[in-house]
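Please read all numbers here as calculations on a predicted model, not as lab measurements.
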Amino acid sequence: MAYFRLALKPGIDKQNTEYGAEGGWIDGDFIRFRYGLPEKLGGWTMFSQSTTYLVGQVSDIITYNALDGTPYLVVGTNRKLYGFKGGEWGDITPIRRTSTAGAVTFAATNGSNILTVTELTHGAEPGDFVTFSGAVSLGGNITAAVLNQEFEVLTTPDNDTFTIQASATANASDSGNGGASTVAAYQINVGDDKSYFDFGWGVGPWNAGTWGTPRSSAGIQLDARVWQLDMFGEDVICQLVDGAAYKFDTSLGVNNRATIINGAPTKSKFALISTPDRHFVCFGTETVIGNLSTQDPMFVRFGDQETLTEFTESATNTAGGQRLTDGSLIVSAIRSRGQILIFTDTSLHGMQFVGPPYTFGFQQLGANCGCIGPHAAVDVNGIAFWMGPEAFYMFDGTVKKLACTVQDYVFKDINVVQGEAVNAGVNTQFNEVTWWYCSAASDYIDRFVSYNYLENTWHTGSMARNAWADLGTFRRPIAAEYFKDSNAATISTINGLTAGRSLLYFQEDGYNKADGSAITSFIKSGYFDIGDGDNMMYMKRFIPDFKNQLGNLVVHLLLRPYPQAPAVPSSLDPYPITPTTQKVDTRARGRQISLRIESTETGTNWRFGTMRVDIQPDGLR
């Protein structure tokens, strides 16, 4: 019998049944669609030449060139803020406060490496970081060199004491208080790496209250620590989502810390620099600057043009504010064509520069189209794409719900409590917008869904990334992966450091994982039959068609007589495909047949074309 082409339409279809998706693809991992054809995703390599672990879970990455052309990168985690320049990493986490000399004392216990630190109203919380300087030896093993280091705060018995873990164990001669010159530099309080939402007993993170005391009967949402990074000239605005704003001064280099922006609101949901007018805009912020209790989650405040520190309205500046309606809180904002798009939990608003006396005009652009998280929206050439709690949307002048062939798969198995963790990234090289999210069974990113906005196709996968920066400043896209149980050494020594590390990768680089191991990639088609499926069919052979194939692949033929019957492999399964394989004899018999292509070896690459198959009607045996 003559061969016929097995033409399969692009994209993953999980809305239909496996039989209803005949003529298409129903599952895959580490694949994408390009020019209508499925291909293996690119690999990734370490961002730094050596394996460099960062403390905490990354929530945002920004890359840019300084005025002198030097490439920079700033990364925000739930516990730290880092800067990178020319192969050098620096801890640029802001300092919350610095003690007066001699206000800090230490106490050691013989046989223990746990020290008690005393300072009145220290303000530290478990997990915070503090660096001591100017301390002298307590005697014995607890020397000045042991004390004058960075530590993670272990416990906070009360407002005036906390404990740290030293690198040496005290002996009987350890005594004293560290000297009259001891200074403690406290970094800003850390945040959680996941969000909490519940009622009553046991709500929230460990050690957040006294034992045996229930929380309020009202539901609470404790959100993970998330950074929002943006550029003001060559400097980086580092906004804590639902927190304060800081500035990293690029000219000072990565050995200097970011500092708080005095005069700016002290608590905002989000912040951006408008363009081209360059106003510092804070969303979901304070109606009275500096008064945390006046935070209005629907209030937008913008400072004077070309400044970060002047937010008080006057007749001689362009500062001002506006409260939005339709929604309970502002979730995110992005710059788009000619305006800033503001996403609330239920609606979309536009903010456009109109000049004096109002500075900005506001209008509602859409309803029932809320955004799920602060990093869940992106702009691609003036078109916005975002993920809501139950659907995907786009705005190209009007709000549209995207037709999504994997919508049920995503939104019926998503952990909406971890919406703060959802992050969207643009991969312009492949015309893709990707959202990374937590499945219902996970509190940490474990899945992604991608949309090819030029070819209108969707695909899903299991690659976990917590933040993404498209190629531009650097030769490849940069992404972060979080290892919540890792205790690996980090870029600087921190005594008593608990688990939770992140790595940065160059994406679309090579064909393997960063550690050199193989990427297991596969794609599976829907079941196809002859005619209306009245007859059994016999597949004698197929002619493979792959482009850019490196290494060996495997093809599986899965057979079943009825849509609800279990699938079984054909008698000669699996079918190895080398770059030189011309044809494959199969002897596969069934009423319905599904095709699965996979690669499990290192160094493999492939794009599937149009397979030709030799199939004829057959009977039962």
Step through it carefully: locate the ring centre of [X], locate the ring centre of [Y], and say whether they are under 6.0 Å apart.
| X | Y | answer |
| --- | --- | --- |
| F608 | F546 | yes |
| Y527 | Y19 | no |
| W386 | W435 | no |

For [X] and [Y], does a side-chain donor sit closer than 3.5 Å to a side-chain acceptor?
| X | Y | value |
| --- | --- | --- |
| Q507 | R465 | yes |
| W468 | T434 | no |
| D223 | Y196 | no |
| N452 | T457 | no |
| Y82 | D91 | no |
| S570 | Y575 | yes |
| Q407 | E390 | no |
| N552 | T578 | no |
| N495 | Q165 | no |
| D128 | N189 | yes |

[X] [atom1] to [Y] [atom2] distance, which is reported to the nearest 0.5 Å:
| X | Y | atom1 | atom2 | result |
| --- | --- | --- | --- | --- |
| F528 | M539 | CZ | CE | 4.0 Å |
| I615 | L6 | CD1 | CG | 7.0 Å |
| N605 | Y511 | CG | OH | 5.0 Å |
| L229 | T63 | CG | OG1 | 10.5 Å |
| M394 | K401 | CE | NZ | 14.5 Å |
| R612 | D614 | CZ | CG | 11.0 Å |

**Request:** Have a look at E508 and tell me which of K40, R32, R476 forms a salt bridge (Lys or Arg N to Asp or Glu O under 4.0 Å) with it.
**Result:**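 Result: among K40, R32, R476, R32 is the only option passing the salt bridge (Lys or Arg N to Asp or Glu O under 4.0 Å) with E508.
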Checking the side chain of [X] only, and the main-chain atoms of [Y] only, is there a donor and an acceptor separated by less than 3.5 Å?
| X | Y | result |
| --- | --- | --- |
| D573 | L557 | yes |
| D192 | S195 | no |
| K14 | I26 | yes |
| R501 | A488 | yes |
| S502 | A480 | no |
| S332 | P374 | yes |
| S486 | G500 | no |
| T581 | K583 | no |
| T77 | V55 | yes |
| N466 | V58 | no |

Once the angle between the rings of [X] and [Y] is folded into 0 to 90°, is it parallel (under 30°), tilted (30 to 60°) or perpendicular (over 60°)?
| X | Y | value |
| --- | --- | --- |
| W44 | Y505 | tilted |
| H459 | F448 | perpendicular |
| W458 | F392 | tilted |

**Message:** Using side-chain contact (heavy atoms from CB on, under 4.5 Å), reason through Q187 and R257 one step at a time and then give a plain yes or no.
**Reply:** CA-CA 10 Å; Q187 296 172 31; R257 297 181 181 273; 3.7 Å; yes
Using a strict threshold of under 4.0 Å (side-chain N to carboxylate O), is an ion pair present between [Y] and [X]?
| X | Y | result |
| --- | --- | --- |
| E18 | R560 | yes |
| D443 | K194 | yes |
| R5 | D545 | no |
| R475 | D509 | yes |
| D413 | R447 | yes |
| R587 | D585 | no |

Are [X] and [Y] close enough that some pair of their side-chain heavy atoms sits under 4.5 Å apart?
| X | Y | value |
| --- | --- | --- |
| F129 | R79 | yes |
| R34 | R607 | yes |
| Y482 | D193 | yes |
| Q549 | T604 | no |
| F385 | L402 | yes |
| P126 | T155 | no |
| I445 | N423 | yes |
| V254 | W89 | no |

Where do [X] and [Y] come nearest, in terms of heavy atoms and distance?
| X | Y | value |
| --- | --- | --- |
| I164 | E152 | CG2-O, 4.0 Å |
| F248 | G253 | CE1-O, 3.4 Å |
| K513 | A518 | CE-O, 3.5 Å |
| L8 | W25 | CD1-CZ2, 3.2 Å |

**Message:** Please determine whether side-chain contact (heavy atoms from CB on, under 4.5 Å) holds for the pair V554 and I577, giving the CA-CA distance in whole Å, both sets of side-chain angles, and the decisive distance to 0.1 Å.
**Reply:** CA-CA 6 Å; V554 173; I577 308 295; over 6 Å; no
**Message:** If you apply the rule side-chain contact (heavy atoms from CB on, under 4.5 Å), what do you find for I12 with Y409, and how did you get there?
**Reply:** CA-CA 11 Å; I12 299 295; Y409 172 80; over 6 Å; no
**Item:** Test side-chain contact (heavy atoms from CB on, under 4.5 Å) applied to V75 and L54, step by step
**Value:** CA-CA 9 Å; V75 178; L54 307 179; 4.1 Å; yes
**Request:** Might you work through the ring pair (Phe, Tyr, Trp, His ring centres under 6.0 Å) test for F522 and F30, ending with a clear yes or no?
**Result:** CA-CA 7 Å; F522 81 92; F30 289 98; 9.4 Å; no
**Request:** For D68, look at atom CG and say whether over 12 heavy atoms of other residues, nucleotides or ligands are found less than 6.0 Å away.
**Result:**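 Yes - once you tally the heavy atoms of other residues, nucleotides and ligands closer than 6.0 Å, there are more than 12.
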**Prompt:** Under the side chain to side chain donor-acceptor pair (under 3.5 Å) criterion, do D446 and S439 qualify, and how do the steps go?
**Reply:** CA-CA 7 Å; D446 61 346; S439 65; 2.6 Å; yes
**Prompt:** Given E455 and K9, is the salt bridge (charged side-chain N to carboxylate O under 4.0 Å, His left out) satisfied, shown in steps?
**Reply:** CA-CA 11 Å; E455 301 182 33; K9 58 186 176 183; over 6 Å; no
